[in-house]
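Each ligand, and each atom within it, is numbered from 1 in the order the structure gives.
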Amino acid sequence: MTTYDLLIKNGTIVTADTTVQGDIAVKDGKIVEVSTGKSLEGTANREINAEGLHIFPGMIDSHVHFNEPGRTEWEGLETGSRSLAAGGATSFFDMPLNSTPPTINKENLELKRSLAAEKSIVNPYFWGGLVPENIADLKDLHENGVIGFKAFMSPSGIADFNNVDDETIYKGMKEIASLGSILAVHAESTVMCDQLAKEKIEAGKVTARDYVESRPIISEIEAVRRIISYAELTGCKLHIVHASSRKVVEVIKAAQQRGVDVTVETCPHYLSLTVKDIEEQGVIAKCAPPLRDEDEVEDLWRAVAEGEITTIGSDHSPAPASMKVIKDNIFDGWGGISGAQSSLNILITEGHFKRNVPLEKIVELTATNPAKLFGLENKGTIAANYDADLTLIDLNESFELKKEDLFYRHQHSPYIGKTYKGAVKTTIVGGEVVFENGQLTK
Ligand SMILES: [Zn+2]
């Protein structure tokens, strides 16, 4: 009789293609068999009865800011990865800017990688930065395994991570294209945002609505059009992160239709929160690009349903509570939404239950597409020979998110107090249970 490390029986297995009842056998960190017809025989060190539970491939959160090394009082690889595990994510791609030093050369990458090996309870991957000073380092970063490169077209807010001018965009994209890698871009127009913010502040207009109006959708569109032009010129693969509106997505779709290799991410907050949340919660719900109005949320869900979005990442961007308090005006508070733990809860509740988005689509955007786009060959679905990164979810369980449920270093989030349907019961990374029934087990 075959002996496995782990047998998961009678679950509802969800992949990007289909949903079926079945068993999953795991050995040495890999899925070795998926049986959908008859029950898997054999013994295992551990057997999980998944009757009544849905099994997703673990979320690959392609967009987090964990701030380690150097700014761990904001978050950290341990607290960040624990939050992900509690939310059903099994891999993350950490952004290059918020650590000190930032991930802009090989040495800094190695430092972050060694810390992650020690502290992370899920699979860590890293973005390299593209800044005006590091074109010569891109090759080294690529050869040492960064998942891709990230650049800011507007100021990042971090002093040692400069935004790119058009010359850097051109040279950087030429180099990234020659490496066969991909550039992810925060696309907002510096000039538009700066001028509008200046006018607002000078006029004493500093409400949530004023902040949102100072970073309009047209500013995203301007930057997206410009960076797409450089993608067409250089042939560099391009990924637009955190599109806040379907109007932005449409520009990307038009470029795809004329053959440009460009993809797009959106985030759970643009799919579930609005300007009203900034008005009610202040800086806790401040981010850039900002939250939009209800009609934009609905349009973005239509873009999801119609296959126009490539990936969904949390853009978990934490900061100490003291930086989230409004002093004189909202322009001064530190932006960034803490959400790594809530992505699947939001997508299942707002997408599946409220708007009939198929579970398969949620799996595609959170696991299958990120794995494909960024070359994680053994991840992103549930099949033999794939890594045993799995999430067991009870779709019938509702819960109200409480502050004390959060595993972040700083327990604030715009999602506290909201009710979600679909609770993450068990998270498995490489065949090992890391989270179960509300508790971390690693
Ligand atoms: Zn981000």
Side-chain angles (χ1 to χ4, degrees), residues 59-68 71 74-77 80-81 83-84 87 89 91-100 102-104 112 124-131 146-164 182-188 190 193 215 219-220 223-224 227 238-245 248 263-271 273 283-292 309-319 323-324 333-343 346 365-366 370 373-374 408 410 413-414:
M59 178 172 175
I60 298 168
D61 193 340
S62 49
H63 192 156
V64 301
H65 299 262
F66 283 167
N67 301 267
E68 185 163 0
R71 208 173 265 112
W74 290 30
E75 185 62 279
L77 291 157
S81 68
S83 317
L84 285 175
S91 299
F92 67 81
F93 303 173
D94 189 43
M95 284 295 173
L97 62 153
N98 310 78
S99 49
T100 307
T103 318
I104 53 173
K112 187 181 277 189
Y125 297 89
F126 310 99
W127 290 97
L130 167 64
V131 292
V146 293
I147 209 82
F149 296 91
K150 166 79 180 289
F152 274 72
M153 293 177 78
S154 52
S156 74
I158 300 287
D160 52 3
F161 196 93
N162 289 319
N163 56 305
V164 289
I182 184 168
L183 180 66
V185 173
H186 177 125
E188 285 183 291
T190 305
C193 293
R215 306 187 87 98
S219 145
E220 285 181 73
V224 166
I227 196 85
L238 177 63
H239 187 57
I240 305 297
V241 295
H242 52 48
S244 74
S245 160
V248 178
T263 47
V264 58
E265 172 200 73
T266 192
C267 312
H269 40 275
Y270 301 118
L271 291 163
L273 304 176
V283 189
I284 296 284
K286 178 185 175 183
C287 58
L291 301 174
R292 306 296 181 189
I309 304 289
T310 320
T311 64
I312 293 179
S314 69
D315 195 6
H316 176 67
S317 192
M323 296 176 76
K324 305 301 279 183
W334 185 266
I337 284 177
S338 288
Q341 196 173 318
S342 299
S343 299
I346 294 164
L365 296 183
T366 57
L373 187 59
F374 300 102
Y408 310 138
H410 301 283
S413 169

Does the ring center of F374 lie less than 6.0 Å from the ring center of Y125? no
H186 side, atom NE2; L97 side, atom CG - distance, nearest 0.5 Å: 10.0 Å
Taking both backbone and side chain into account, is any N, O or S atom of H186 nearer than 2.8 Å to the Zn ion (ligand 1)? no
Nearest to the Zn ion (ligand 1) - the N/O/S atom of D315, by atom name: OD1
Assign the ring pair W334 / W74 to parallel, tilted or perpendicular, where the plane angle (0 to 90°) is split at 30° and 60°. perpendicular
Using 2.8 Å as the threshold, say whether any N, O or S atom from H242 sits that close to the Zn ion (ligand 1). no
In Å and rounded to the nearest 0.5 Å, what is the CG to CD distance from N98 to E68? 12.5 Å
